[in-house]
Enquirer: 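Sharing a structure below in structure tokens format, with a few things to ask.
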Amino acid sequence: MKRKTAIVLIFCVMLFITACSDNSSEPKKSSADFFAMDTYMNITAYGENAKQAISQAKKQIKHLDSLWSVTDENSEIYAVNHSNGKPTEVSKETAELLTFSLKMSKRTKGAIDPTIYPILNAWGFTTEKYRIPSQNEIKSLLKRVGYDKVRLIDNSIQLASGIMLDFGAVGKGYASEISAEILRNNGVSSALLDLGGNIKTIGSKPDGSEWRLGVRNPKGKGNIGVLSVSDLAVVTSGNYERYFTGKDGKTYGHIIDPATGQPVENGLLSVTIIAKDGKLCDALSTSLFVMGLDKAIEHWRKYKDFDMILITDDEKIYLTNGVRDKFSVNKDNNVKVNVINFK
Ligand code: ADP
Ligand code: MG
């Protein structure tokens, strides 16, 4: 199944910039489209060094993909997952991603868990051979899930027997941070990275205005609204992106609640996280989707290091105070907007 991006860009102003590209005061625009980490990606950047910076970033993303792919027999994660309990030496990048991933598992009390792989596999989300596993199968597979069963000592990973890792929920966010750093190190001060709906912006648009990002309507076509940002990451998770319809006629989405081994079904349709750090956004979008509305709000009130836009199946949008003036609902959408404040 093709993955649709959760956030699409509003291109009008960019087209205008392209049209004016012979104006020497406008910085030069460079752009690349490519497929990596099982999704379509685009990097657009401005400035003299943008072209070669993008090509360096693209190369690095492909490299990270080759380290973290669960299906590529030559990847580091494949080696770790087939190590039969032996410690396996990994790269600095993989060790860092695991460290971050485990930190987020603790912070979210296991709502996001990199050891969810055996359950994902049982539902067919890793192979696209979808099926509904029996309760007994899930019960026994849940014994193979638990981030406390992972050891990381220096750059060496050791998994307890039967444990397997999957970085699907954090890898793209991490890659967006690493890529943005490559662009910045090359002197790029205006760029937009779209790694399969994981958006990361550097600075503002070359004309100084904010980037305008469409937030997907999780129920219908197109966007439900537009978010204006600069120098921030924006990541959306939802079960409408990748799902299957079972023999029972029900739809099952690709985000699993590690507490039950079942695809999440809690009234949330999508969770969009807005913060400086793309990897934080990626981890939180998945985990707050698992938590559901009330716990997501609780989490925000406790940590306050991000903003969020939650869309529920009863046609409501809940957004945090920090983005209330940055998000505008499209006129033709009949949704009620609720602002979440500190208590
Ligand atoms: P996407 O990858 O579509 O942008 P997410 O960032 O929300 O969306 O990640 C979802 C992916 O993470 C799933 O496809 C699966 O590989 C993995 N996953 C699903 N549920 C969990 C979970 N509870 N914890 C960790 N990873 C998960
Ligand atoms: Mg995620």
Side-chain angles (χ1 to χ4, degrees), residues 3-11 13-14 17-18 21 26-70 72 74-77 90-101 167-206 210-213 229-236 273-283 285:
R3 181 171 299 201
K4 294 174 203 154
T5 53
I7 302 215
V8 292
L9 308 180
I10 308 294
F11 279 111
V13 180
M14 291 166 88
I17 290 164
T18 314
S21 59
E26 289 289 350
K28 204 164 149 226
K29 176 185 171 183
S30 300
S31 184
D33 290 291
F34 52 98
F35 192 85
M37 300 186 165
D38 206 18
T39 190
Y40 293 97
M41 302 190 168
N42 170 276
I43 303 179
T44 298
Y46 297 85
E48 279 311 305
N49 294 336
K51 192 163 181 235
Q52 61 118 355
I54 291 174
S55 117
Q56 227 178 299
K58 179 177 154 186
K59 206 168 142 202
Q60 178 64 4
I61 292 171
K62 298 239 173 188
H63 171 63
L64 296 174
D65 193 9
S66 77
L67 297 179
W68 301 335
S69 164
V70 284
D72 177 354
N74 298 313
S75 81
E76 284 190 350
I77 289 305
V90 295
S91 59
K92 180 175 114 306
E93 288 87 350
T94 302
E96 273 176 17
L97 180 61
L98 179 61
T99 304
F100 174 73
S101 202
F167 290 132
V170 287
K172 291 193 290 288
Y174 208 90
S176 79
E177 282 305 311
I178 293 178
S179 311
E181 200 182 312
I182 292 174
L183 296 186
R184 273 196 232 96
N185 288 344
N186 276 280
V188 170
S189 56
S190 171
L192 194 147
L193 300 90
D194 178 357
L195 310 191
N198 270 251
I199 307 283
K200 168 85 185 175
T201 63
I202 298 178
S204 50
K205 284 195 289 199
E210 294 197 299
W211 305 97
R212 288 167 54 76
L213 309 174
V229 297
S230 53
D231 234 355
L232 288 173
V234 180
V235 178
T236 301
I273 306 288
I274 305 104
K276 279 255 174 226
D277 181 355
K279 63 183 188 299
L280 179 74
C281 291
D282 199 1
S285 69

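From a predicted model like this one, the values you see are computed outputs, not experimental measurements.
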Enquirer: For Lys200 and Leu195: C-alpha separation, side-chain torsions, deciding distance, then whether side-chain contact (heavy atoms from CB on, under 4.5 Å) applies.
Expert: CA-CA 8 Å; Lys200 168 85 185 175; Leu195 310 191; over 6 Å; no

Enquirer: Could you work out, with side-chain hydrogen bond (donor to acceptor under 3.5 Å, both in side chains) as the rule, every residue matching Ser285, not counting sequence neighbours?
Expert: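 Partners of Ser285 under the side-chain hydrogen bond (donor to acceptor under 3.5 Å, both in side chains) test: Ser237.
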
Enquirer: Give me the atom names and distance for the closest heavy-atom approach of Glu210 to Lys205.
Expert: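 Residues Glu210 and Lys205, closest heavy atoms: O-CE, 3.1 Å.
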
Enquirer: Under a plain distance cut-off of 3.5 Å, with no hydrogens placed, do Thr44 and Ser31 share a side-chain donor-acceptor pair?
Expert: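 Judged by distance alone, the side chains do pair up.
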
Enquirer: More than 12 foreign heavy atoms under 6.0 Å from NZ of Lys51: is that the case here?
Expert: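 Atom NZ in Lys51 is not crowded, with 12 or fewer foreign heavy atoms closer than 6.0 Å.
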
Enquirer: Check salt bridge (Lys or Arg N to Asp or Glu O under 4.0 Å) between Asp65 and all other residues, then give those that pass, not counting sequence neighbours.
Expert: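 Listed in chain order: nothing, the list is empty.
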
Enquirer: Under 3.5 Å, is there a donor-acceptor pair linking the side chains of Asp33 and Asn42?
Expert: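 Side chains of Asp33 and Asn42: pair found under 3.5 Å.
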
Enquirer: Taking the six-membered ring of Tyr46 (Phe, Tyr or Trp), confirm whether the NZ or CZ of Lys28 is under 6.0 Å from its centre and within 45° of its axis.
Expert: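 Negative - Lys28 is either too far from the ring of Tyr46 or too far off its axis.
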
Enquirer: How many angstroms lie between CZ in Phe167 and NZ in Lys172, if you round to the nearest 0.5 Å?
Expert: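 These two atoms lie 13.5 Å from each other.
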
Enquirer: Taking side-chain contact (heavy atoms from CB on, under 4.5 Å) as the test, write out the residues that go with Ser189, two or more places apart.
Expert: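 Applying side-chain contact (heavy atoms from CB on, under 4.5 Å) to Ser189 gives none.
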
Enquirer: Scan for side-chain hydrogen bond (donor to acceptor under 3.5 Å, both in side chains) pairs involving residues 91-100, sequence neighbours excluded, and state none if there are none.
Expert: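 Pairs touching residues 91-100 that pass the test: Trp68-Thr94, Glu76-Ser91, Glu76-Thr94, Ser91-Thr94, Glu96-Tyr174.
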
Enquirer: With sequence neighbours excluded, what pairs up with Phe34 under the ring pair (Phe, Tyr, Trp, His ring centres under 6.0 Å) test?
Expert: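 For Phe34, no residue satisfies ring pair (Phe, Tyr, Trp, His ring centres under 6.0 Å) once neighbours in sequence are set aside.
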
Enquirer: Might you point out which heavy atoms bring Ala32 and Ile54 nearest each other, and give the distance in Å?
Expert: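 Closest heavy-atom pair between Ala32 and Ile54: CB-CG2, 3.6 Å.
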
Enquirer: With sequence neighbours excluded, tell me which residues meet salt bridge (Lys or Arg N to Asp or Glu O under 4.0 Å) with Glu48.
Expert: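 Glu48 satisfies salt bridge (Lys or Arg N to Asp or Glu O under 4.0 Å) with no other residue.
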
